[in-house]
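The figures here come from the full heavy-atom set of this structure, side chains too, leaving out hydrogens, waters and symmetry mates. Every chain is numbered from 1, with letters handed out A, B, ... down the list of sequences.
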Amino acid sequence: MSDTSTTFQAPIGTHDVLGPESGQWENLIACFADFAYRYGFSLAITPMFEDVGVFNRGIGQNSEVAKKEMYVFEDRGRRLFALRPEGTAPIVRAFVQHQPTTPWKAWYVTPAFRYERPQAGRYRQHHQLGVEVLGTDDPAVDVEVITLAWRFYAAIGLKSVRLLVNSMGHDECRGAYVAILRDHLEANSSMLCDEHQKVWRENPLRVLDCKKASCIEVTSRGPMLPDHLCDDCRGHFDAVLEGLKSLGIEASLNPRLVRGFDYYTRTTFEFVADALDGAQNAIGGGGRYDKLAEQLGGKPTSGIGFGSGIERLLLARAAENDEPLRLVNRTLDVFVVDTTGEDVATVLVDALRAAGLACDRAYDRRSMKSQMKVADKSGARFALLVGPQELAAGEVTIRDLRSDNFGQAQQKAGRDDVVAVIANLLTK
RNA sequence: GUGGGCGUAGCUCAGUUGGUUAGAGCGCCAGGUUGUGGUCCUGGAGGUCGCGGGUUCGAUCCCCGUCGCUCACCCCA
């Protein structure tokens, strides 16, 4: 236990995100927060773990995630918890618990945990950002949520995104459809792929998104969900499609789009990035869940939301764009180089920061050359030099690190004027 | 859960058909005459060659195990 010779590393399927890569994350999250704000959402922070029931009843006990991917653990009080495998169920649980006035619009960024073998674009801990709206089934909300995602993807520079939509109908029309589908599968069960020969009866919808040719052939000759919607659901879906069209958002109907969680009703959608290949090209998805609040013990409340994987967004973006995201400014204004042998830097840096400037400094009383190298690498716009001469004269030397002109790249300023002088230089 | 590839300095990798002090580039640190970065030059630090066991006179190199990384299947973000 106390063997200090062994080292530790991040658990399987998890990653440390450090600079400069973390700068991409900052940018992405800041951009999303900005979008959420502009669309009228407020941030919701809920626990990383919940009673397992939240997920079993929410995403469905038969879903792949609930069956074999949840991080379930018992705490010291013998309560059974699960690390959240997704973002929606906890938000809805919070909604049911606190009953905020509706419509309630919440956004989130959170880690999500799934116990599975990691591979490209798939991890045991990944991160999602998303939004949820509870308390209305107005198709305009469906359109708004999808639009937010669509515009956000564009804002971060993704170009190869396609939007797939479908409608799952409500309980009754989906139930009727599933019965018809089941009959069709039964009649053709011998032609299904090995895996679905076993499970088509329990989960007929899953067969729809099987990629095996045999299953595709069977289902393509069978009934499709959108053709079996009741008038209400059909009308709702049409309104969503029209809304998207009116905004110039191109959606392609995909009757096979059956998402992994059981809580979906009516509108479902998925965003696919063609820059990523095959197995992990879904960068985001979501849909309506008009029964979820009830399933979690609340009053009947409609809801819709979407979630997007941060890692995949960044992967997709890197695949089609060499330039890193630079939506928020994270460059240093000033780097203080102190060679007085005393510690003038501490005071200077404090004054600059108090004035709102981004500022760093060297430590350990290194040589001027060494400190200048660090200043250069820091990316700061200006170096502030204080040596014995400046100290005696009550001055500092301000050097423009971006200038190629070594001779004229610097000027003196009085100690008391530094902040004002630099602030002024920065505006140029 | 199943299968493939890989594991040598901080990073990217070379290398030894098993044989004395294991290499490069980048990065890092220090210098290049007395206060100034980004180029260049010189020098330096840094590795129990993932870990454990086996074969051998001898293993970083061969064998077994183990841990980890990676990719794929399933499914998803």
note: A/Glu69, atom CD; B/G1, atom P; distance rounded to Å ~ 12 Å
Margin query: Using a 4.0 Å heavy-atom cut-off, does A/Arg206 contact any base of the nucleic acid, only the sugar-phosphate backbone, or nothing at all?
Written below: sugar-phosphate
Check your understanding: Looking at B/G3, does its base get a donor-acceptor pair with the side chain of A/Arg117 below 3.5 Å?
Key -> yes
Rounded to the nearest 0.5 angstrom, the CZ-CD1 distance for A/Phe35 and A/Ile156 is 9.0 Å
Separation of B/C75 atom P from A/Leu205 atom CG, nearest Å, is 14 Å
Here the distance between atom P of B/C71 and atom CD of A/Glu116, to the nearest Å, is 13 Å
- Task: Give A/Gln280 one of three labels, base, sugar-phosphate or nothing, depending on what nucleic acid heavy atoms sit under 4.0 Å from its own.
- Result: base
>> Could you tell me how far B/G27 sits from B/U66 if I compare only their P atoms? Round to whole Å.
In response: 41 Å
- Message: I'd like the P distance from B/C29 over to B/A45, given in whole Å.
- Response: 16 Å
**OP:** Verify whether the ring centers belonging to A/Phe261 and A/Tyr263 lie closer than 6.0 Å.
**Re:** yes
From NE2 of A/His15 across to C1' of B/U70 the rounded distance in Å is 10 Å
Ordered by number, residues from residues 307-317 of chain A within less than 4.0 Å of RNA chain B (heavy atoms) are A/Gly309, A/Arg312
_Between B/G44 and B/A72, how far apart are the two P atoms, rounded to whole Å?_
44 Å
For residues 323-332 of chain A, the salt bridge (charged side-chain N to carboxylate O under 4.0 Å, His left out) pairs (sequence neighbours left out) are A/Glu26-A/Arg330
field: Centroid under 5.5 Å and tilt under 30°, A/His127 to B/A77
entry: no
Taking the C1' atom of each, how far is B/A9 from B/C28, in whole Å? 12 Å
Out of B/G37, B/C73, B/A77, minimum distance to the side chain of A/Arg399 belongs to B/G37
So the salt bridge (charged side-chain N to carboxylate O under 4.0 Å, His left out) pairs with at least one residue in residues 331-342 of chain A (sequence neighbours excluded) are none
Could you go through nucleotides 30-33 of chain B and list every protein N or O atom that sits under 3.5 Å from one of its N or O atoms, giving the distance for each pair?
{"residue": "B/G32", "atom": "N7", "partner": "A/Lys369", "partner atom": "NZ", "Å": "2.9"}
{"residue": "B/G32", "atom": "O6", "partner": "A/Lys369", "partner atom": "NZ", "Å": "3.0"}

Here the distance between atom P of B/A72 and atom CG of A/Leu276, to the nearest Å, is 11 Å
Would you please test A/Phe269 and A/Phe271 for ring pair (Phe, Tyr, Trp, His ring centres under 6.0 Å) and show each step?
CA-CA 7 Å; A/Phe269 54 92; A/Phe271 296 96; 5.8 Å; yes
Discussion item. What contact category does A/Ala120 fall into here, base, sugar-phosphate, or nothing, at under 4.0 angstrom with non-hydrogen atoms?
Written reply: sugar-phosphate
Rounded to whole Å, the NZ-P distance (A/Lys412 to B/U36) equals 13 Å
Base B/A77 paired with A/Glu270 side chain (donor-acceptor, <3.5 Å) = no
| said: Does A/Leu385 reach a base, just sugar-phosphate, or nothing at all? Heavy atoms under 4.0 Å. | reply: base
| said: Could you check whether A/Gln128 and A/His126, counting side-chain N and O atoms only, form a donor-acceptor pair closer than 3.5 Å? | reply: yes
Are A/Arg288 and A/Asp142 ion-paired here, with the side-chain N under 4.0 Å from a carboxylate O? yes
Which of B/U36, B/U70, B/C28 is nearest the side chain of A/Lys377? It is B/C28
Writing each nucleotide of RNA chain B 5' to 3' as (, ), [, ], | or . by Watson-Crick or G-U pairing under 3.5 Å yields (((((((..((((.....[...)))).(((((.......))))).....(((((..]....))))))))))))....
query: So, is A/Gln9 near the phosphate of B/G68, with a side-chain N or O under 4.0 Å from OP1 or OP2?
result: no
note: A/Leu18, atom CG; B/G10, atom P; distance rounded to Å ~ 16 Å
Here the residues of residues 155-166 of chain A within 4.0 Å heavy-atom distance, strictly under, of RNA chain B are none
Open item on the list: Can you tell me how the ring of A/Phe73 sits relative to the ring of A/Phe81, calling it parallel under 30°, perpendicular over 60° and tilted otherwise?
Closed with: tilted
Any donor-acceptor pair under 3.5 Å between the side chain of A/Gln371 and the base of B/U36?
no
A/Asp209 CG to B/C73 C1', in whole Å, measures 15 Å
Practice task
Give a yes or no on whether a salt bridge exists between A/Glu116 and A/Lys68, defined as a side-chain N under 4.0 angstrom from a carboxylate O.
Solution key: no
With A/Glu50 as partner, the option from A/Arg57, A/Arg84, A/Arg93 fulfilling salt bridge (charged side-chain N to carboxylate O under 4.0 Å, His left out) is A/Arg93
Quiz item: At under 4.0 Å between heavy atoms, what does A/Ala375 touch on the DNA or RNA strands: base, sugar-phosphate, or nothing?
Solution: nothing
